[in-house]
A.B. asks: 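There's a structure below that I have some questions on.
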Amino acid sequence: MQLRYNYRAYPDAAQCRALARAFGCARVVWNDCLRDRREAYAAGLPYVTSAELSRRRITQAKRSEERAWLAEVSAVVLQQSLRDLDAAYKNFFDSLKGKRPGRKVGPPRYKSKKDARQSVRFTGSAFSLQENGRVYVAKVGYLKVRWSRPLPAAPTSVTVTRDGAGRYFLSFVVETEPDILPVLGTEAGIDLGLSVFAVLSDGSRIASPRFLRRAEKKLKRLQRELSRKAKGSKNRAKARIKVARQHARVADRRRDWHHKASTQIIRENQAVYVEDLAVSGLARTRLAKSVHDAGWSAFTGMLEHKAAKHGRTFARVDRAFPSSQACSACGVRDGPKPLHVRQWTCGACGTVHERDHNAARNVLVEGRRIVAAGRAETPNARGAPVRRAPVPAQRRETGSPRKGHTTQTGIPGL
C-alpha cells in the first residue's frame, strides 16, 4: 500500500526563488494545456491528446521566445503538471459516466499565482536523499529538511508544497506493507456531534477541542488589522501572512488531534462503524462554523485509511438510518426527536436512553449487519471498503508509528 510522509522544509532565499519559478512554470503549462483543450471542445474538434500537448506546450514552447523560460526548471515538473491535468480530466469524465463514486467532480479550472497552495511534484529521477539528511531537488538545490521521523522505505516521488502561510513542505510517497495489528474482540459504533465530538457504543466520550473557537478572538483582531491596510500595500501583505499563519496553527492542531484520536480508536477496536453524515449540507446552515471546526470528514477519512493499513474492519452506516429514533434495547422506532432532547424513555420497553449513546449503539448494530451481509457500501454512502484493500496515499501525512515498534529508515545517516 502507499503511504505519504510529510516533512517541513527550510529553503534559503535562492532556493525559494527557484521553487517560485517551478511553481509558475507548472502553472503556465497547466493553464496552456487546459486552454487548448477547452478551445478544441468549443470548436467541435477532437480531444487533444497528452502527447500533442507535451509536444506543443512543453517541447516547442521552450524553443519560442515567449516561453523560453520554461527551460529554467526541471522538465519533470512540466510533465507532472500535464499528468495532473490528465488525472483531473479522467476524474471528471468518470464522474459524468458514474464510474467514480461520491460527489460529482467538476471540470479542471485555471490556476492562479494568488492561490493559497502552490505545489510541484518530482519523480525518482529528479530528486535524491543525501547522507547528511538533505534532499537534492533538480534545479533547486539541496533542501534542508526537518526529519521528525525516518522514512520506512525509499520514496517513489516527492511533492514540494508552499502553503498560504509561506511554509514549505516535502511530501514523500512510499510503498510499504500493511502493518497488521493483533486481532481484538471489541467493536465500536461512533456517533459524531458538536457538543461532544464523538460518543462510542461502550459509553466513552471524546470531548470536542474546538480549536477554531479558542483561536477566534485572536483571529478577529488579526482580521481587523488586515481590513485597515490599503489594498496592494506591503503592510497588507504582511497582515495577510499573519492571518494565514494563525489559521495554519488551528488546522495543524486539529489535524494532529484527529490523528491521535483515530489511531487510538483503531488500535483498541477490531471493527469501527460510523455514520455517513451530510457534512456539505450541514456546512450551509447556521452551524457551519462549528461543523468545519469539528472536521468530521477528515476524521472519518483517517479512520478508513488506518483501518485498511492495520487490517481492521471499517464501514459507514447510511445517513438515512434512524440511529437517534430507534431504541437500542428493543429496536422499536420511537419517532423523531428535536436536538434539545438529550434523554428519552422508550415507550415500548421503558428503557431510559441518553441520545448520543443510544445512537452509537444503533450504529454498531447496523454496522455489524452491513458487514454480515457482505456489502462494501450502503445505498446512500460513499462506498467505503469494509475489508482491507489497497488504499492510495492520503494527501496528508500518515499517523505516527506505534511506541516500541521501530520502522526501517529510508534515509542513510539519520
Side-chain angles (χ1 to χ4, degrees), residues 4-34 54 57-58 61-62 66-85 87-88 108-148 151 155-174 234 237-238 240-245 247-249 251-252 393 395-397 410-411:
R4 188 181 296 276
Y5 287 79
N6 204 26
Y7 301 91
R8 181 79 180 269
Y10 296 90
D12 56 28
Q15 292 170 346
C16 287
R17 291 192 293 269
L19 288 174
R21 286 195 296 269
F23 296 149
C25 292
R27 182 177 62 251
V28 166
V29 169
W30 169 287
N31 291 340
D32 288 347
C33 296
L34 178 58
S54 177
R57 291 303 179 183
I58 298 179
K62 290 181 181 180
E66 184 182 3
R67 294 285 192 265
W69 36 265
L70 289 177
E72 298 178 1
V73 302
S74 174
V76 175
V77 171
L78 309 181
Q79 292 293 342
Q80 293 301 312
S81 181
L82 179 56
R83 289 189 61 184
D84 290 342
L85 180 63
R109 296 180 294 182
Y110 291 111
K111 293 185 178 181
S112 171
K113 62 181 179 181
K114 296 183 180 180
D115 291 342
R117 185 178 180 272
Q118 304 283 343
S119 65
V120 289
R121 188 169 65 254
F122 298 86
T123 55
S125 61
F127 78 97
S128 62
L129 307 179
Q130 305 299 311
E131 295 287 343
N132 58 1
R134 292 179 179 258
V135 178
Y136 174 76
V137 179
K139 294 195 176 182
V140 175
Y142 296 89
L143 295 176
K144 181 181 178 182
V145 183
R146 179 68 179 270
W147 297 103
S148 56
L151 287 171
T156 58
S157 67
V158 60
T159 302
V160 184
T161 305
R162 183 183 184 274
D163 63 5
R167 303 178 301 176
Y168 291 86
F169 295 92
L170 298 183
S171 181
F172 297 93
V173 174
V174 298
K234 293 184 178 180
K238 296 177 183 177
R240 187 200 63 80
I241 291 294
K242 291 182 180 179
V243 175
R245 286 176 178 173
H247 277 291
R249 293 190 189 100
D252 291 344
R395 291 183 58 188
R396 295 294 185 179
E397 169 182 18
I411 307 173

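Just so it is clear, the values below take in all heavy atoms, side chains as well, and ignore hydrogens, waters and symmetry mates. Count residues from 1 along the sequence.
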A.B. asks: What are the two closest non-hydrogen atoms of Val77 and Ala26, and how far apart are they?
C.D. replies: CG1-CB, 3.8 Å
A.B. asks: Which value, rounded to the nearest 0.5 Å, describes the distance between Ser74 atom OG and Gln79 atom CD?
C.D. replies: 10.0 Å
A.B. asks: Can you name the closest pair of heavy atoms from Gly133 and Val145 and give their distance?
C.D. replies: O-CB, 4.4 Å
A.B. asks: Kindly say whether Val173 contributes a backbone atom to a donor-acceptor pair with the side chain of Thr156 at under 3.5 angstrom?
C.D. replies: yes
A.B. asks: What heavy-atom pair brings Leu129 and Trp147 nearest, and what distance separates the two atoms?
C.D. replies: CD2-CH2, 4.3 Å
A.B. asks: Please report the interatomic distance CG(Leu34) to NZ(Lys111), rounded to the nearest 0.5 Å.
C.D. replies: 10.0 Å
A.B. asks: Looking at Lys62 and Ala75, what are the two nearest heavy atoms and their distance?
C.D. replies: NZ-CB, 3.7 Å
A.B. asks: Crowded around Lys144 NZ? As in, over 12 foreign heavy atoms under 6.0 Å?
C.D. replies: no
A.B. asks: How close do Leu70 and Val29 get, heavy atom to heavy atom, and via which atoms?
C.D. replies: CD2-CG2, 4.2 Å
A.B. asks: So among Leu151, Val158, Val135, which one has a side-chain contact (heavy atoms from CB on, under 4.5 Å) with Tyr7?
C.D. replies: Leu151
A.B. asks: Holding to side chain to side chain contact (heavy atoms under 4.5 Å, CB included), I want the full list of residues that pass it with Lys238, two or more places apart in sequence or in another chain.
C.D. replies: Asn235
A.B. asks: With rounding to the nearest 0.5 angstrom, report the CD to OH distance, Gln118 to Tyr168.
C.D. replies: 9.5 Å
A.B. asks: Holding to ring-ring contact (aromatic ring centres under 6.0 Å, His included), I want the full list of residues that pass it with Tyr142, two or more places apart in sequence or in another chain.
C.D. replies: Tyr136
A.B. asks: Would you check if the side chain of Trp30 reaches a backbone N or O of Arg109 as a donor-acceptor pair within less than 3.5 Å?
C.D. replies: yes
A.B. asks: Using salt bridge (Lys or Arg N to Asp or Glu O under 4.0 Å) as the criterion, list what pairs up with Arg121, not counting sequence neighbours.
C.D. replies: Asp84
A.B. asks: Can you sort out the partners of Ser119 under side chain to side chain contact (heavy atoms under 4.5 Å, CB included), two or more places apart, ordered by chain and number?
C.D. replies: Arg117, Thr159, Thr161
A.B. asks: Determine which pairs satisfy salt bridge (charged side-chain N to carboxylate O under 4.0 Å, His left out) with at least one residue from residues 9-33, sequence neighbours left out, and list them in order.
C.D. replies: Arg21-Glu72, Asp32-Arg35, Asp32-Arg67
A.B. asks: Show the numbers, then the answer: is there a side-chain contact (heavy atoms from CB on, under 4.5 Å) between Leu78 and Cys25?
C.D. replies: CA-CA 7 Å; Leu78 309 181; Cys25 292; 3.8 Å; yes
A.B. asks: Quick one: list whatever passes side chain to side chain contact (heavy atoms under 4.5 Å, CB included) with Ala165, sequence neighbours left out.
C.D. replies: Asp163, Arg167, Ala244, Arg245, Ala248
A.B. asks: So for atom CZ, which belongs to Arg146, do other residues, nucleotides or ligands contribute more than 12 heavy atoms lying within a distance under 6.0 Å?
C.D. replies: no
A.B. asks: Please find the pair of heavy atoms, one from Pro108 and one from Leu85, that lie closest to each other, and give the distance.
C.D. replies: CB-CD1, 4.0 Å
A.B. asks: How far does CD of Gln80 sit from OG1 of Thr123, to the nearest 0.5 angstrom?
C.D. replies: 5.5 Å
